[in-house]
Structure formats: structure tokens, C-alpha cells
Amino acid sequence: MKLLIHDYSRDEWEKVASDYEGWKVIADDGSIKPCTGCFGCWLKTPGQCVIKDGYDQMGKLIHEAEEILVISKYTYGGFSGFVKNVFDRSIGYLLPFFRFYKGEMHHKPRYREHKKMTFVFRGVGLTEDDKIKARKYVKAVATNLHAKIIDVRFEECQIDVVAEQTKKIVTVGKTILLNCSPHGENANSKKFLDVIAGELEGDVTNINLSSYVNKLDELADTVMSAEKLVLGMPLYVDGIPSLVVRMMEHLEKQGISNKKVYVVANMGFYESKQLENLMSMVRDWCDVCGIDYCGGTAVGAGGMMGAVIKYGSNGPGKNVYESLVTLSEKISKSEPISDVYTNANKFPRFLYFLECNSRMRKGMKKAI
Ligand SMILES: Cc1cc2nc3c(=O)[nH]c(=O)nc-3n(C[C@H](O)[C@H](O)[C@H](O)COP(=O)(O)O)c2cc1C
């Protein structure tokens with residue numbers, strides 16, 4: 001079976017559908033739900049997603065496919081909201097356990113295979129720089145999925161994002177701390193944003209994106225009113241979670257303007273360097289929207305750092321805590337900062353690796 005994952009519109013698909021007769025096609029029928037980050041695909045129903053919306057068998061489909069073709073709009077250096085949603089819902093293809101590969105942490109494969117993948121990015125006037133970013137991104141995705149990239153191609157196309165140029169009133173000094181994790185109040189992202197909240201004075205509003213999944217218009221109205229936006233989010237499949245990509249696409253369409261954007265991103269593996277693609281995607285979104293990217297903090301070993309951040313400068317969370325305090329100072333002064341990549345303080349990577357694998361084993365036993 002050949003597998004195609006695409007985000008063509010209905011009209012576009014009608015023109016090319018005959019090229020894919022006999023293929024298994026994953027397209028946007030409007031019913032896909034975002035990943036909730038529950039890890040049910042590892043713990044409860046291994047290999048399958050627990051959200052039964054017709055997109056719950058992605059792990060199995062990838063396994064059964066002899067080759068995979070991914071066609072996506074070039075979106076901030078990565079996939080569109082829909083295609084990213086499909087990838088976020090595919091992590092059951094892997095095992096939860098960590099392993100070291102080419103000097104970095106990755107997941108162990110569930111299946112002994114290297115899927116052949118081809119990527120096609122569609123966009124208007126894509127530059128060499130755009131192409132470099134997209135190639136770098138899919139290389140990271142393929143490394144995580146143990147896949148083999150056959151080709152990365154770029155196609156010129158007409159994409160109809162027309163920003164609405166309605167004038168929005170911005171309250172000077174107003175800061176929104178937007179927790180973009182589906183884990184809501186329990187998220188590591190929220191714990192890091194809380195450190196920042198504790199350092200800021202004045203007009204600060206905390207919002208959970210998870211409360212606005214079907215209310216992006218309402219969220220946009222609130223976000224538009226702030227001068228500064230601090231995005232807290234996890235790394236999902238080497239990039240921005242689909243829910244957040246969709247929010248960004250929406251805000252771009254709504255003509256977001258006059259904003260300073262900061263980011264605090266965290267991830268499961270130890271090395272915060274793996275957040276480079278995500279940080280670059282947030283910057284790209286800002287460039288596309290004409291708003292100011294002001295830098296941020298990338299946090300490795302996010303689960304552990306989230307648990308220890310309450311101890312401030314004492315213990316393994318020291319580096320993360322101190323960089324969040326520095327970031328807060330910059331936010332207060334509305335100044336930019338270079339991205340900072342932080343890792344655990346004096347906590348060896350190997351110990352973290354053993355601890356995570358042991359926790360996953362216990363989680364799996366408990367779930368049976
Ligand atoms: C669908 C999905 C994909 C993920 N992909 C990655 C990844 O590519 N690299 C990584 O280090 N962690 C990955 N993670 C782990 C999360 O980044 C990590 O658990 C993070 O600490 C969650 O933060 P939060 O509580 O703020 O949501 C993924 C988690 C999920 C649910």
C-alpha cells in the first residue's frame with residue numbers, strides 16, 4: 001500500500017486525484033482532533049491513538065505503507081496545521097522508550113524498518129532559506145521516525161491567506177502569557193510561564209489555549225489587545241503542536257499586528273538543541289505576520305525541569321530558572337533577547353535516560 005498525506009483543498013484535489021488511484025489517502029475531512037498529549041497510544045492502546053475520529057490508526061498505516069508521500073503547504077518552515085495534526089497523531093508508530101542515536105536522544109522503533117518518505121512543500125515564492133529550513137525540519141522528523149527521506153520537493157502554488165486588515169486597539173504594557181500545551185494547568189509549559197508571571201509586574205493575563213480549541217476567534221480578540229505575547233509550548237514531532245500551528249494560521253489570517261512575541265518551549269528529550277526548529281518556526285510566523293520576534297528559552301528534559309523549577313536556583317532546574325528570570329527582565333523592558341538553549345544543571349543525561357525509561361515501563365504495566 002502507498003500512503004499519501006495531503007492538505008490539498010477540494011478543488012486542488014480534484015485536479016490531481018487520478019494520479020493517486022489505489023493509494024491510501026489521508027486528507028482533511030474536517031473531523032480530525034488535535035493530539036491531547038495523553039500518551040494513550042503508548043500506554044493504553046499501544047500503537048493506536050485513543051481518539052476515535054478516523055485518524056487513530058496512523059501508526060499502523062505508516063507501518064503497512066511501502067512508501068509515504070507527504071504534501072503540505074509550507075507553513076512557517078514546517079507542515080500546515082492539518083498535516084502536522086496527522087504527524088502528532090502518529091507517535092504510536094514509535095515505542096515510548098528512549099535510545100541514543102547519532103549522539104542524541106530519540107525513541108526506540110516499534111517496528112524494525114526504515115519507511116521511505118517523500119515530502120512536497122507547496123508555497124508562493126519559497127526562497128532558498130525557506131527550503132533549507134523545510135529540509136532541516138523533515139530531516140529531524142525522519143530521524144525521529146527512523147524513516148529514510150527519498151526526496152524533498154518544492155512546488156509553486158497559489159495560497160489564499162489574505163490577512164484581514166481590521167484595526168485592533170493594542171493596550172501598551174499588556175502582556176499575555178499563553179500556555180499552548182494541551183495539558184492545560186498541569187503542563188510543564190504552565191510551570192515555566194508561572195515563573196515568568198512571578199517576575200512581571202502590571203497588566204499580565206494568563207490564558208490556556210486548551211480552553212479555546214473551538215473558539216479561536218474569541219482567543220484572537222484577546223490576543224490582539226496585548227502588546228506582548230509570551231507563548232509557552234511543548235515540542236511535538238520536532239515542531240510546533242498542530243493546535244498551535246492552527247492558532248498561528250488563524251492569527252495570521254486575522255491580521256495580527258503590533259506585537260512583541262517571546263517563547264518558552266520545552267521537550268521530552270534531554271538536549272534542548274532539538275528545539276531549534278520550533279524556535280525558528282515561531283520566528284518565521286512572526287516574520288510572515290510582520291510582528292516582532294523577541295527571543296525565548298528552550299528547555300530540555302521538560303518533564304523533570306517542570307517538576308524541579310519550584311526550587312529556583314537550587315538543584316537541576318538552576319539553568320532553566322535563571323534563564324527564565326533573565327527572559328522576564330527582557331519582557332518587562334520590552335527588549336529582545338537571543339534564544340537561550342538550557343539543559344539540566346549537573347544532572348547527567350544517562351541518569352535522565354534511565355529514569356525516563358523506567359517510568360515508562362511502570363506506566364505501561366499500570367495501564368495493562
Ligand atoms: C505528540 C507528541 C509528540 C512529541 N514529540 C516530541 C519530540 O519530537 N521531541 C521531544 O523531545 N519530545 C516530544 N514530546 C514530548 C513533549 O515535548 C514533552 O512531554 C513536554 O515536556 C510536554 O510539555 P507540556 O507539559 O508543556 O505539554 C512529544 C509529545 C507528544 C504528546
Side-chain angles (χ1 to χ4, degrees), residues 32-44 48-51 55-56 58-59 78-79 84-101 104-108 137-147 177-195 208-210 230-245 263-279 281 297-309 317 320 324 341-344 349 352-353 356 359-360 363:
I32 192 167
K33 303 265 187 317
C35 170
T36 61
C38 71
F39 294 134
C41 57
W42 282 336
L43 303 175
K44 286 193 182 143
Q48 296 174 33
C49 178
V50 295
I51 307 168
Y55 296 88
D56 42 286
M58 284 313 305
F79 300 139
K84 187 60 182 26
N85 206 154
V86 173
F87 273 88
D88 288 355
R89 297 280 301 281
S90 301
I91 60 163
Y93 176 66
L94 301 167
L95 285 175
F97 306 113
F98 292 177
R99 67 163 191 166
F100 290 108
Y101 177 69
E104 286 182 341
M105 263 189 195
H106 289 285
H107 285 288
K108 280 193 178 168
Y137 174 58
V138 295
K139 189 170 172 225
V141 172
T143 303
N144 248 339
L145 295 179
H146 307 273
L177 302 181
L178 183 55
N179 168 22
C180 300
S181 166
H183 293 154
E185 287 295 312
N186 299 320
N188 299 310
S189 303
K190 175 77 170 89
K191 290 173 188 147
F192 304 133
L193 289 176
D194 283 348
V195 174
N208 289 332
L209 176 59
S210 56
V230 186
L231 301 170
M233 70 178 91
L235 182 69
Y236 275 14
V237 193
D238 287 290
I240 297 176
S242 69
L243 184 61
V244 190
V245 179
V263 60
V264 180
N266 89 94
M267 55 185 281
F269 298 140
Y270 187 91
E271 313 93 3
S272 58
K273 205 174 172 303
Q274 291 194 42
L275 282 158
E276 268 177 8
N277 289 312
L278 182 150
M279 305 297 270
M281 285 168 181
T297 300
V299 180
M304 182 171 87
M305 293 301 107
V308 300
I309 201 71
V320 177
L324 291 175
Y341 290 82
T342 58
N343 290 320
R349 190 168 68 144
Y352 178 72
F353 165 85
C356 291
R359 272 174 192 257
M360 263 310 163

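Both counts, for ligands and for their atoms, begin at 1 and track the order of listing.
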Between [X] and [Y] (side chain of the first, backbone of the second, donor and acceptor by atom type, cut-off under 3.5 Å), is there such a pair?
{"X": "Gln274", "Y": "Met105", "result": "yes"}
{"X": "Lys84", "Y": "Tyr236", "result": "yes"}
{"X": "His183", "Y": "Ser210", "result": "no"}

>> If we check side-chain contact (heavy atoms from CB on, under 4.5 Å) with Val299, which of these qualifies: Asn343, Ile309, Val320?
In response: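 Result: among Asn343, Ile309, Val320, Val320 is the only option passing the side-chain contact (heavy atoms from CB on, under 4.5 Å) with Val299.
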>> Let's go through Lys273 and Glu104 carefully: what are the C-alpha distance in whole Å and the side-chain angles of both, what is the deciding distance for salt bridge (charged side-chain N to carboxylate O under 4.0 Å, His left out) to 0.1 Å, and is it a yes or a no?
In response: CA-CA 10 Å; Lys273 205 174 172 303; Glu104 286 182 341; 5.9 Å; no
>> Heavy-atom contacts with ligand 1 below 4.0 Å: which residues, ordered by chain and residue number?
In response: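 Lining ligand 1: Cys35, Gly37, Phe39, Asp88, Ile91, Asn144, Ser181, His183, Ala187, Asn188, Ser189, Pro234, Leu235, Tyr236, Val237, Asp238, Asn266, Met267, Gly268, Phe269, Gly303.
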> Under 30°, 30 to 60°, or over 60°: which ring-plane class applies to Phe98 and Tyr352, parallel, tilted or perpendicular?
Replying inline: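 Phe98 and Tyr352: tilted rings.
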